[in-house]
Amino acid sequence: MNMLKEVIEYLDQSNFNDFTKIRWIYLYVCEKFSYDMRYPYATNDLKEEILNKKVDLTNVEDFEHICYAYAHILTDLLTIYGFNCEIVKEVENRKLSHVYVIVRYKDKVLKLDPTKKHDTTRVKMRNGTLDFQTLIDDPTFLDELKEADNIIKEKYHNKEIDDDKYNYEEIMKIISSLEDNFSKNNTPQSERFFKKLEIIFKIVNSKTNFKKYDDIDYYFSYLLRKFKINDKQLYVKPAIFFKNDDKSMKDNINLILVEYHNIPPIFFILEKEQNKDNYHIREIDKNELLEKLDEYSNWQVDEYFRRKAKLSKPYIKL
């Protein structure tokens, strides 16, 4: 993909002001790329390889990167239009821990950080951003941001996402309606828990635009928070597992452990659908689960998940 050509062709005919150009480039980068979830689990050699990945904007083939590459992508695009950019590196214990971009123009100082607060996924969700910020007291910033987003929304229309049945407003309506019905019917807590979980899985399975693991993982976690799933008695734990013989760590699945009170553990699997790019959740029985735990691993939770897997029993089929 020639991303450089696409950006230049679009912005040159956009008539955007400077602030809107900066905002559009940030949203564009968040939309196109996703965080490389291999990095926290990788060997030192693979971490070094991921850290040193370069992105040729005239021929982009890899769309999963960490903050370091994001910063260089942003500065490469922003400097085309003469913006004064600086890559800021945060260091902890003499090791690079995080990277973001500072943009200075006119009397403004902006921080652009796509990965720290998951703006890469939030943009795909059409749910606003958290880390496109002003670093100085600027009373005009929020008004300019709102105006820029309105202008961009008019010009940059993604029908697949904007026509999504389960947008933010619809999800909030579902939650409100559920809670009203639960209260009215005095629904038992266990039934509430599994009804919410069933709806979350249905929403996740409806998504076709989340084609990278980081995006669907964050979205799933976001829905768990919105539906207020986890508490002392109700517990959902997702974890990513990588195929044992794949040194590149490109082959991965997400196993989801569900526990409620004294009910035996239930497991679900989030994986790429066959011959498709999008992810799908389904219940997984004990035999297949144990086979998956032999084939895939995650050193942080292997023992814990295997112990729970031996106790698991089927509960619901979605």
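For clarity, every value in this text was computed on a predicted model and none was experimentally measured. Just so it is clear, the values below take in all heavy atoms, side chains as well, and ignore hydrogens, waters and symmetry mates.
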I'd like to know if the side chain of [X] reaches the main chain of [Y], judged simply by a donor and an acceptor atom lying under 3.5 Å from each other, with no hydrogens or angles considered.
X      : Y      : result
Asp285 : Asn287 : yes
Asp36  : Ile66  : no
Ser177 : Ile174 : no
Lys286 : Lys310 : yes

*State which residue, out of Lys173, Lys195, Lys196, fulfils the salt bridge (Lys or Arg N to Asp or Glu O under 4.0 Å) condition with Glu179.*
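The residue from Lys173, Lys195, Lys196 that satisfies salt bridge (Lys or Arg N to Asp or Glu O under 4.0 Å) with Glu179 turns out to be Lys196.
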
*side chain to side chain donor-acceptor pair (under 3.5 Å) partners of Thr115, counting only residues at least two apart*: none

Should [X] and [Y] count as an ion pair when the cut-off is N to O under 4.0 Å?
X      : Y      : result
Asp214 : Lys212 : no
Asp294 : Arg306 : yes
Glu31  : Arg126 : yes
Glu288 : Arg282 : yes

Identify the heavy atoms of [X] and [Y] that sit nearest to each other, and give their distance.
X      : Y      : value
Phe33  : Asp62  : CE2-O, 3.8 Å
Glu259 : Pro265 : OE2-CG, 4.0 Å
Leu178 : Phe227 : CD1-CE2, 3.9 Å
Leu110 : Thr134 : CD2-CA, 4.2 Å
Leu255 : Phe305 : O-CE2, 3.6 Å
Tyr166 : Ile171 : O-CD1, 3.8 Å

*asked:* Does the plane of the ring in Phe19 sit parallel, tilted or perpendicular to the ring in Phe141? Use 30° and 60° as the thresholds.
replied: perpendicular

*Measure the acute angle between the ring planes of Tyr100 and His98, then classify it against the limits of 30° and 60° as parallel, tilted or perpendicular.*
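Tilted, since the angle between the ring planes falls between 30° and 60°.
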
*Evaluate side chain to side chain contact (heavy atoms under 4.5 Å, CB included) for Ile266 paired with Phe268, printing each intermediate quantity in order.*
CA-CA 7 Å; Ile266 307 158; Phe268 297 84; 3.6 Å; yes

*Please indicate whether Lys53 has more than 12 foreign heavy atoms, meaning atoms of other residues, nucleotides or ligands, lying under 6.0 Å from its NZ.*
yes

*Same cluster for Tyr10 and Phe83 if Ile/Leu/Val/Met/Phe/Trp/Tyr side chains link at under 4.5 Å?*
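Linked within one cluster.
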
Will you find, in the side chains of [X] and [Y], an N or O donor that is under 3.5 Å from an N or O acceptor?
X      : Y      : answer
Lys211 : Ser34  : no
Tyr70  : Asp113 : no
Glu86  : Asn84  : no
Ser297 : Asn244 : yes
Tyr81  : Asp12  : yes

Which residues satisfy the salt bridge (Lys or Arg N to Asp or Glu O under 4.0 Å) test with [X], sequence neighbours excluded?
X      : value
Glu291 : none
Asp149 : Arg23
Glu191 : none

*Could you state the interatomic distance from OG1 (Thr121) to CG (Asp217), rounded to the nearest 0.5 Å?*
8.5 Å

Are side-chain heavy atoms of [X] and [Y] found at a separation under 4.5 Å?
X      : Y      : answer
Lys308 : Lys237 : no
Leu289 : Ser312 : yes
Tyr105 : Lys108 : yes

_Residues in side-chain contact (heavy atoms from CB on, under 4.5 Å) contact with Asn127, at least two apart in sequence or another chain_ = Arg122, Met125, Tyr168, Tyr222

*Phe241 pairs by side chain to side chain contact (heavy atoms under 4.5 Å, CB included) with which of Asn252, Asn254, Ile253?*
Ile253

*May I ask you to establish whether Lys124 and Phe210 are in a cation-pi arrangement, using a distance under 6.0 Å from NZ or CZ to the six-membered ring centre and at most 45° from the ring axis?*
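Cation-pi check for Lys124 and Phe210: fails.
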
*Kindly write out the residues that satisfy ring-ring contact (aromatic ring centres under 6.0 Å, His included) with Tyr26, not counting sequence neighbours, or none if the list is empty.*
Phe132

